[in-house]
Structure formats: structure tokens, C-alpha cells
Amino acid sequence: LKLATNHISFKGFSNLLSTFSSQHPLLLQELNLDGNVPGTIGIELLSEFLQSNLLRLTKLSLQSIQLSNEACQILLSALRTNSCLQSLRL
């Protein structure tokens, strides 16, 4: 799913991930969120899904989203427990 450069904020991330949670498990393999503005809250939401069995991504792209140090730490923590992700672009 390519959603790059749509200026999706944390509210958009929340809505998107809420949609994902309505399908168990979601068969989405690739997610491109380059150039959006999720903020720390959006990254927290994404990280929750990366840690769950609901979202089994193999490729995730988050280039040019200006992650804060806090958001990087949150994402790193989620990636430690995710065994499906094979490719991450930052």
C-alpha cells in the first residue's frame, strides 16, 4: 500500500490503523508512508501494530518523516519484537 507524500498526520495514522485492526490478520505486506507527518503519536500507533499479530508487514518505508528521538526509540522497541519485517527504509 503506497501512501507516500499525502501529508498524513497522527489523526490519519490513527484512522488508517483503526481500519487495519478491523481485519484479523491483515494481509498487507508492504506499507510506504514516506513523506508524511505522523509525529510521535502516529509512530506509537504504528509501533503497537508492528508488535501485534494484526499487521504482518514484510516491507515498511518511513523516509522523510522527520522522526524525533522519542519516536525513533518507540519504533526501535517495536522492531525488536517484530519477526515479520524484512525491509525497513528510514
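One-based numbering along the sequence shown.
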What distance do S87 atom OG and E30 atom CD have between them, rounded to the nearest 0.5 Å?
8.0 Å
Does N32 reach the main-chain N or O of L3 with its side chain, forming a donor-acceptor pair under 3.5 Å?
no
Just verifying a value: how many Å separate I74 CD1 and S68 OG, rounded to the nearest 0.5 Å?
7.0 Å
Between D34 and I65, which heavy-atom pair has the shortest distance, and what is it?
C-CG2, 4.3 Å
F10 to L45 - nearest heavy-atom pair and separation:
O-CD1, 4.2 Å
Measure the spacing between CG of L75 and CG of L50 and express it to the nearest 0.5 Å.
6.5 Å
Where is the tightest heavy-atom contact between T40 and E70, given as atom of each residue plus distance?
CG2-CD, 3.8 Å
Indicate the atoms forming the closest heavy-atom contact of A4 with N36, along with that distance.
CA-ND2, 4.1 Å
How long is the gap from OG on S52 to CG on N82, to the nearest 0.5 Å?
9.0 Å
Specify the closest pair of heavy atoms between Q63 and L90, including all atoms of both residues, with the distance to one decimal.
CG-C, 3.6 Å
Among the clusters formed by ILVMFWY side chains lying less than 4.5 Å apart, do L28 and L60 turn up in the same one?
yes
Spell out, as yes or no, whether a donor-acceptor pair under 3.5 Å connects the side chain of S47 to the backbone of I43.
yes
Looking at CG of L85 and NZ of K59, how far apart are the two atoms once the value is rounded to the nearest 0.5 Å?
11.0 Å
Over all heavy atoms of both residues, which pair between P38 and F13 is shortest? Give the atoms and the distance, please.
CB-CZ, 3.3 Å
N/O donor-acceptor pair under 3.5 Å between T58 side chain and Q29 backbone
yes
Value rounded to 0.5 Å, distance of CG in L33 from CG in N6:
9.0 Å
